[in-house]
Visitor: 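Here's a structure for you.
First listed ligand is number 1; within each ligand, the first listed atom is number 1.
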Amino acid sequence: MNKKSIRDVDVKGKRVFCRVDFNVPMQDGVITDETRIRAALPTIQYLAENGAKVILASHFGRPKGQVVEELRLTPVAKRLGELLGKNVIKTDEAYGPVVQEAVAGMSEGDVLLLENVRFYAGEEKNDPALAKEFAALADLYVNDAFGAAHRAHASTAGIAEYIPAVSGFLMEKEIEVLGKALSNPDRPFTAIIGGAKVRDKIGVISNLLDKVDNLIVGGGLAYTFIKAQGHEIGKSLLEEDKIDLAKEFMETAKQKGVNFYVPVDIVVADGFSNDANTQEVSVDAIPSDWEGLDIGPKTREIYADVIRNSKLVIWNGPMGVFELDTFAKGTKAVADALAESPNTYSVIGGGDSAAAVEKFGLADKMSHISTGGGASLEFMEGKELPGVVRLNDK
Ligand SMILES: Nc1ncnc2c1ncn2[C@@H]1O[C@H](COP(=O)(O)OP(=O)(O)O)[C@@H](O)[C@H]1O
Ligand SMILES: O=C(OP(=O)(O)O)[C@H](O)COP(=O)(O)O
């Protein structure tokens, strides 16, 4: 990467505003997957060991500019302290007099975690006033939040306008590994897209169609495509205004000779719980008041087969609601197929996809687990990431 990293600057005695992605899966205040916290440790440890005063900032969930009690970063600060083996100071705000006072009291090597930056409306608007508040806390900006690098927000991009800005180790590693895999991809090259952030992800398909040989859709994303094929989808997740786009993508794929895979059967349920009634149905027989929560057995076989015959697979977004065991089979089938294909280079992206392979005990069978889902997809599309472009050049 042609951007400066923390290795290229002197951090001793400096107040460092370090943006990390601690947007971890959490249930009832308990962190269910800490991949993203562990991934940030090398940068945090390096800064602390080299005498920086480390001010960490992260978003958590999507509180939309308001304080949401369940989305405070307090449990993350506690777990981070355990992993670092030292006390992590936690402020209940992300800027202002209380934070300034806490920072003024820091010694070299101290680590402080600010409150969820998305509690402030200015964060997602990339408001210069908020970016300046963040910048005023520090002498140096370090961006290690690869998972949020596709967002042009005050703490991921705006702040870099006001103080020297460099990358952390995780950011550097992600860009290097993904760049290498994609510069001259081994073929067949397959992208698998699933999950629930349909609006975010559907757009990337357009550019991916110029790069891949196979495009597989699953998870919540699949139903907009199933609907676009003319089927009824009951209560399944749908982005109504993207149906035409979905149609267009399937048509473009045909023209470009890209194999486009949409589920042929799914698991439907009459409720969003492990003990809901379920049925495996063909996509043309989805009952009107049931909801699709996983891909079905035929689809699992087809997808596993495509994976086994691929040389490079990029996977972002689970195939179903894998957190509930009843709907985890599709995601598990994809993870198993990747694990059983030693000649397939596999890149897993996204907080929940990483959590899924971790849950199945298959994480060490994957070639690279990226901490960014949307970020790795946008990087793959060839887009410049706002969290990277503004860092200082070497
Ligand atoms: N059919 C579905 N209906 C509703 N939610 C789904 C469905 N399939 C998967 N999901 C949910 O999608 C979430 C992950 O989506 P997303 O955030 O887009 O993935 P990632 O974090 O890997 O980028 C999971 O919590 C999963 O339960
Ligand atoms: O979890 C994240 O993205 P991902 O689900 O695409 O991996 C990042 O923390 C970004 O979060 P956002 O999609 O709310 O901006």
Visitor: Checking contacts here: is it the side chain or the backbone of E378 that comes within 4.0 Å of ligand 2, counting heavy atoms only? Could be both or neither.
Guide: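 The answer is neither; E378 stays 4.0 Å or more away.
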Visitor: Between S376 and E174, is there a side-chain donor-acceptor contact under 3.5 Å, judged purely by atom types and distance?
Guide: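 No pair is found: no donor N or O on one side chain lies under 3.5 Å from an acceptor on the other.
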Visitor: Distance under 4.0 Å to a non-hydrogen atom of R151: what atoms of ligand 2 satisfy this?
Guide: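 Within the 4.0 Å cut-off of R151, ligand 2 contributes 12 (P), 13 (O), 15 (O).
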Visitor: D21 versus ligand 2: do any nitrogen or oxygen atoms come within less than 3.5 Å of each other?
Guide: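 Yes, there is a polar N/O contact under 3.5 Å.
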Visitor: Go through ligand 2 atom by atom and flag the ones less than 4.0 Å from a non-hydrogen atom of G350.
Guide: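 Selected atoms, number and element: 7 (O).
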Visitor: Distance to 0.1 Å, residue and atom name: give those for the protein heavy atom nearest to atom 14 (C) of ligand 1.
Guide: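 It is D352 OD2, 3.4 Å.
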Visitor: Considering the heavy atoms of G374, write down every atom of ligand 2 situated less than 4.0 Å from one of them.
Guide: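 Near G374, meaning under 4.0 Å from one of its heavy atoms, ligand 2 has 4 (P), 6 (O).
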Visitor: Of the protein's non-hydrogen atoms, which lies at the shortest distance from atom 11 (C) of ligand 1, and what is that distance?
Guide: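 The closest one turns out to be A196 CB, 3.9 Å.
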Visitor: Counting from 1, what ligand 2 atoms have a heavy atom of G351 closer than 4.0 Å?
Guide: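 Checking each atom against G351, I get 7 (O).
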Visitor: Would you mind checking which non-hydrogen protein atom is closest to atom 11 (O) of ligand 2, with the distance to 0.1 Å?
Guide: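 Among all protein heavy atoms, the one nearest atom 11 (O) of ligand 2 is H59 NE2, 3.2 Å.
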Visitor: Is the shortest side-chain N to carboxylate O distance from D336 to K329 below 4.0 Å?
Guide: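 Looking at D336 and K329, the cut-off is not met.
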Visitor: Any side-chain donor-acceptor pair under 3.5 Å between S282 and D265?
Guide: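 Short answer, no.
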Visitor: Go through ligand 2 atom by atom and flag the ones less than 4.0 Å from a non-hydrogen atom of N23.
Guide: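 The list of qualifying atoms is 1 (O), 2 (C), 8 (C), 9 (O), 11 (O).
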Visitor: Ligand 2 versus R118, non-hydrogen atoms closer than 4.0 Å: side chain, backbone, both, neither?
Guide: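 The side chain, only.
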Visitor: Taking the ring centre of each residue, are F260 and F249 less than 6.0 Å apart?
Guide: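 Not under 6.0 Å, so no.
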Visitor: Would you say that T224 contacts L245 through its side chain, given a criterion of any heavy-atom pair below 4.5 Å between the two side chains?
Guide: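 They are not in side-chain contact.
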Visitor: How long is the straight-line distance from CG of L80 back to CZ of R38, given to the nearest 0.5 Å?
Guide: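 Going from CZ on R38 over to CG on L80, the span is 11.0 Å.
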Visitor: Which atoms of ligand 1 have any heavy atom of G317 under 4.0 Å away?
Guide: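 In order of numbering, the contacting atoms are 19 (O), 22 (O).
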Visitor: Should G372 be counted as touching ligand 2, given the test is an N or O pair under 3.5 Å?
Guide: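 The answer is no, given that G372 and ligand 2 share no N or O pair closer than 3.5 Å.
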Visitor: Within ligand 1, which atoms have a heavy atom of N316 less than 4.0 Å away?
Guide: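 Near N316, the atoms of ligand 1 are 22 (O), 23 (O).
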Visitor: Could you tell me, atom by atom, which parts of ligand 1 come under 4.0 Å of a heavy atom of S353?
Guide: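 Checking each atom against S353, I get 22 (O).
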Visitor: Can the ring centroids of F134 and Y141 be said to lie less than 6.0 angstrom from one another?
Guide: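 Between F134 and Y141, the centre distance exceeds or equals 6.0 Å.
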Visitor: Considering M319, K201, K197 one by one, which has a heavy atom nearer to atom 19 (O) of ligand 1 than any of the others?
Guide: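 The residue whose heavy atom sits nearest atom 19 (O) of ligand 1 is K201.
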Visitor: Examine the proximity of ligand 1 to D294 and report which part, side chain or backbone, both or neither, has a heavy atom under 4.0 Å away.
Guide: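 It is neither part, as no heavy atom is under 4.0 Å.
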Visitor: Any atoms of ligand 2 less than 4.0 Å from a non-hydrogen atom of G373? List them with their elements.
Guide: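 Listed by number with element: 4 (P), 6 (O), 7 (O).
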Visitor: Please tell me whether H59 and R19 have a donor and an acceptor in their side chains that are separated by less than 3.5 angstrom.
Guide: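 Yes, R19 and H59 have a side-chain donor paired with an acceptor closer than 3.5 Å.
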Visitor: Just to be sure I'm reading this right: ignoring hydrogens, which of E291, K235, E323 gets closest to atom 24 (C) of ligand 1? Compare them by their nearest heavy atoms.
Guide: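 It is E323 whose heavy atom sits nearest to atom 24 (C) of ligand 1.
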Visitor: Hey, does K201 come in under 3.5 Å of ligand 2, counting only N/O atoms on both sides?
Guide: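 Checking ligand 2 against K201, no N or O pair falls under 3.5 Å apart.
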Visitor: Can you name the atoms of ligand 1, numbered from 1 with element, that are less than 4.0 Å from a heavy atom of Y223?
Guide: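 Ligand 1 atoms under the 4.0 Å threshold to Y223: 1 (N).
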Visitor: Using 0.5 Å steps for rounding, measure from the OG atom of S167 to the NZ atom of K394.
Guide: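 The distance works out to 8.0 Å.
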Visitor: Heavy atoms only: give me the nearest E280-P297 pair and the separation to one decimal.
Guide: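 It is OE1-CG, 3.5 Å.
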Visitor: Got an N/O contact under 3.5 Å between R62 and ligand 2?
Guide: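 Yes.
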